Amino acid sequence: MKRGQNERSYLKDSPQENASANKYSSISPPASPEDQVDNISTTYFEEKVPVPEYIGQVFSFRKLWAFTGPGFLMSIAYLDPGNIESDLQSGAKAGFKLLWVLLGATVIGLLLQRLAARLGVVTGMHLAEVCNRQYPKVPRIILWLMVELAIIGSDMQEVIGCAIAFNLLSVGRIPLWAGVLITITDTFVFLFLDKYGLRKLEAFFGFLITIMAVSFGYEYILVKPDQGEVLKGMFVPYCAGCGSVQLTQAVGIVGAVIMPHNIYLHSALVKSRDIDRKNKREVKEANKYFFIESTIALFVSFLINVFVVAVFAEAFYNKTNMEVNQECNATGSPHTDLFPLNNGTLEVDIYKGGVVLGCFFGPAALYIWAVGILAAGQSSTMTGTYSGQFVMEGFLNLKWSRFARVLLTRSIAITPTLLVAIFQDVKHLTGMNDFLNVLQSMQLPFALIPILTFTSLTSLMNDFANGLVWKISGGVIILVVCAINMYFVVVYVTTLASTLLYVVAALLSIAYLCFVAYLAWYCLVALGVSCLDFGSRLGLSRHTDIYLLNDIDADTVVES
């Protein structure tokens, strides 16, 4: 059905007729890039995992197992080296006092991931594809560039994390740039595991998550944190004696946990299950099991993050550089130069974190820490590459060969990473990590606003569109998260202490806020604020849904 025919048909039917039709409308989008090319060009979806049929069962473990996979791949973004660094800094600077912030950020992340999964399940399109069909050309290109910046920033942290792990494991023999090159090579190899079956690829990611759980769990058992303090920090939303340092760290936790590119990734990963989207019962069931699976996956990632926070809270909270230097000297560590002889509070990152663990708890603690960081970096850089591929294919409708797409998406992120690795020393990367966290924080609205917009459209989501409660709560959550991250950006910019940078930041902020306001306007129209629908008043459309729903054919079928 052509778009014009769709609009005429929609406008011809009266609201009463549409309301009385006891049918389930499923969106059948134009063929995606994967469907339009040969098998060799497909990405990730060469096969779809079959879902067993159990009529009348409220819950089935076999069915949950069939849906298990996408949520765990999504959860890896909650365990990347940037998150691990945020965790250890939280423990070292605030002790156990910010665990409740980590818990709250993870719960908010789960609610946002639920929206992403529902979009993919109900429409059969991931968020980048929907954005490509909904937004005009110029905003669409700007949105794509912003998301690419977020992916590049995340990928740089992940690849640098792998390189640091190689450096620690080799006792400094593998320099940072060499670790980056190794990561590039093995990522290419691992990415083609999906040629041997989707479930094998998902099992490999599960293996990497297990390595992280065992590695950081070992450190947790070794350090033996006070369990009462862990529970108190997790469930008592208060931070006694906290100042600006702890507040900034709390904001950093939220920014590290909720990643913009992860929304795009999750909406694509759920397409890997064999679901009849014309069957309302199957779609509803898929949404339920994907939510359960995501909850389990994020619970596992939360526990791993808690392990890291608790280890550094117990062992290194309020430690001074002098104390650490003396301990490293006593144990014969070659890294004593990392800690100056002063009474300043210990500053740690993932590199120094491994060193201090080795100084206080022996070489085994250092090497096991490095193995965990390697697993975190390797898994997250692979899922980051998938995010890049989905985003590029969705926004640009690429029809390239599989190898060319992987090469391009890798090159975009790896080139700046390699330059940083060549010109930066492994011991001085904290400043770059702060900058990358700020970069990703700024990109959050470009994932959160579109996902709320499109999951609120009844013309796109049908019976699965957000209800009033979800619209209001989703809007509030997104507003709070974006405000928190903007505070983080402002704090970072003010520390630069440069008038020229202030002026540049102010000019960029004006353009940035104008684009965010444009996306917010679109979102408010989708949420039902009809007084803002200037498009229909100007003759751009005759109905809000038609105005927002471009190039999508709708088939009306009887619910089975």
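Atom set for the values below is all heavy atoms of this structure, side chains included, hydrogens, waters and symmetry mates excluded. Note that this is a predicted model, so its numbers are computed, not measured.
Side-chain N/O atoms of Gln440 and Gln157 include a donor and acceptor closer than 3.5 Å. Under the 3.5 Å distance criterion, with hydrogens and angles disregarded, no donor-acceptor pair is assigned to the side chains of Gln389 and Thr385.
Under the 3.5 Å distance criterion, the side-chain polar atoms of Thr381 are left unmatched by any main-chain donor or acceptor of Gln378. The backbone N or O of Pro225 sits less than 3.5 Å from a side-chain atom of Gln227, completing a donor-acceptor pair. Although no hydrogens or angles enter the test, the distance criterion places a donor-acceptor pair under 3.5 Å between the side chain of Ser75 and the main chain of Phe72. Formation of a donor-acceptor pair under 3.5 Å by the Gln249 side chain with backbone atoms of Ser86 is found in this model. A donor-acceptor pair under 3.5 Å links the side-chain atoms of Arg273 to the main chain of Ala66, judged by distance alone. Side-chain atoms of Glu129 come within 3.5 Å of backbone N or O of His126 as a donor-acceptor pair. A donor-acceptor pair under 3.5 Å links the side-chain atoms of Gln246 to the main chain of Lys93, judged by distance alone. With hydrogens and angles ignored, the 3.5 Å screen pairs a side-chain donor or acceptor of Asn325 with a backbone N or O of Phe339. At least one donor-acceptor pair closer than 3.5 Å links the side chain of Asn305 to the backbone N or O of Ser301. In this structure, Asn167 contributes its side chain and Ile174 its backbone to a donor-acceptor pair below 3.5 Å.
Shortest non-hydrogen contact noted between Met259 and Ser154 is CE-OG, 3.6 Å. The shortest heavy-atom contact between Ala256 and Gly82 is CB-O, 4.4 Å. Summarising the geometry of Ile373 relative to Gly161, their closest heavy-atom pair is CG2-O, 3.4 Å, with the distance given to 0.1 Å. For the pair Ser294 and His266, the tightest heavy-atom approach, listed with the atom from each and the gap, is OG-CE1, 3.3 Å. Residues Ile84 and Val308 come closest through the heavy atom pair O-CG1, 3.9 Å. When all heavy atoms of Ile151 and Gly384 are compared, the closest pair comes out as CG2-O, 3.9 Å.
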Applying ring pair (Phe, Tyr, Trp, His ring centres under 6.0 Å), run through Trp369 and Tyr220 and close with a yes or a no.
CA-CA 11 Å; Trp369 169 262; Tyr220 185 85; over 10 Å; no

Under the criterion side-chain contact (heavy atoms from CB on, under 4.5 Å), I'd like the reasoning laid out for Leu269 against Phe390: C-alpha separation, chi angles, the key distance, then a yes or no.
CA-CA 9 Å; Leu269 294 175; Phe390 292 138; 4.2 Å; yes

Could you walk me through whether Leu357 and Val355 pass the side-chain contact (heavy atoms from CB on, under 4.5 Å) test, one step at a time?
CA-CA 5 Å; Leu357 283 171; Val355 170; over 6 Å; no

Yes or no on side-chain contact (heavy atoms from CB on, under 4.5 Å) for Thr331 and Glu327, after CA distance, side-chain angles and deciding distance?
CA-CA 6 Å; Thr331 55; Glu327 187 67 29; 4.1 Å; yes

Check the pair Thr106 / Leu110 against side-chain contact (heavy atoms from CB on, under 4.5 Å), numbers first and verdict last.
CA-CA 6 Å; Thr106 305; Leu110 174 63; 5.9 Å; no

Apply the test ring pair (Phe, Tyr, Trp, His ring centres under 6.0 Å) to residues Phe360 and Phe316: give CA-CA distance (whole Å), side-chain angles for both, the deciding distance (0.1 Å), then the verdict.
CA-CA 10 Å; Phe360 281 79; Phe316 306 114; 5.2 Å; yes

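By the 30° and 60° cut-offs, the orientation of the rings of Phe290 relative to Phe67 is perpendicular. Using the six-membered ring where Trp is involved, Tyr386 and Phe205 have ring planes that are tilted, between 30° and 60° apart.
Here the straight-line distance linking atom CG of Asp87 with atom CD1 of Ile304 works out to 10.5 Å at 0.5 Å rounding. Once rounded to the nearest 0.5 Å, the distance linking CE of Met234 with CG of Leu103 reads 7.0 Å. From Asp349, atom CG reaches atom CD of Gln89 across 7.0 Å, with rounding to the nearest 0.5 Å. To the nearest 0.5 Å, atoms OG (Ser379) and CG (Leu208) are separated by 5.0 Å. Note that CG of Leu111 is 7.5 Å distant from CG of Leu115, once rounded to the nearest 0.5 Å. Residue Leu149 holds its CG atom at 5.5 Å from CD of Gln443, rounded to the nearest 0.5 Å.
A 4.5 Å side-chain heavy-atom check between Lys319 and Thr345 finds every atom pair outside the cut-off. You'll find the side chain of Asn321 stays beyond 4.5 Å of the side chain of Leu341, heavy atoms only. Within the 4.5 Å cutoff, the side chain of Ser267 has no heavy atoms near those of the Met125 side chain. At least one side-chain heavy atom of Leu143 sits under 4.5 Å from a side-chain heavy atom of Phe395. Looking at Thr320 and Glu323, their side chains come closer than 4.5 Å, going by heavy atoms from C-beta outward. Looking only at side-chain heavy atoms (C-beta outward), Asn262 and Gln113 come within less than 4.5 Å of each other. Looking at Lys224 and Glu314, their side chains never come closer than 4.5 Å, going by heavy atoms from C-beta outward. Counting heavy atoms from C-beta outward, Ile478 and Leu112 have side chains that approach closer than 4.5 Å.
The aromatic ring centres of Phe216 and Phe307 sit 6.0 Å or more apart. Taking the six-membered ring where the residue is Trp, the centroids of Phe446 and Tyr512 are separated by under 6.0 Å.
Other residues, nucleotides and ligands place no more than 12 heavy atoms under 6.0 Å from the NZ atom of Lys232. Phe207 CZ: 12 or fewer foreign heavy atoms inside a 6.0 Å radius.
Just one of Ile253, Val230, Leu99, Leu88 meets the side-chain contact (heavy atoms from CB on, under 4.5 Å) condition when paired with Val309; it is Leu99.
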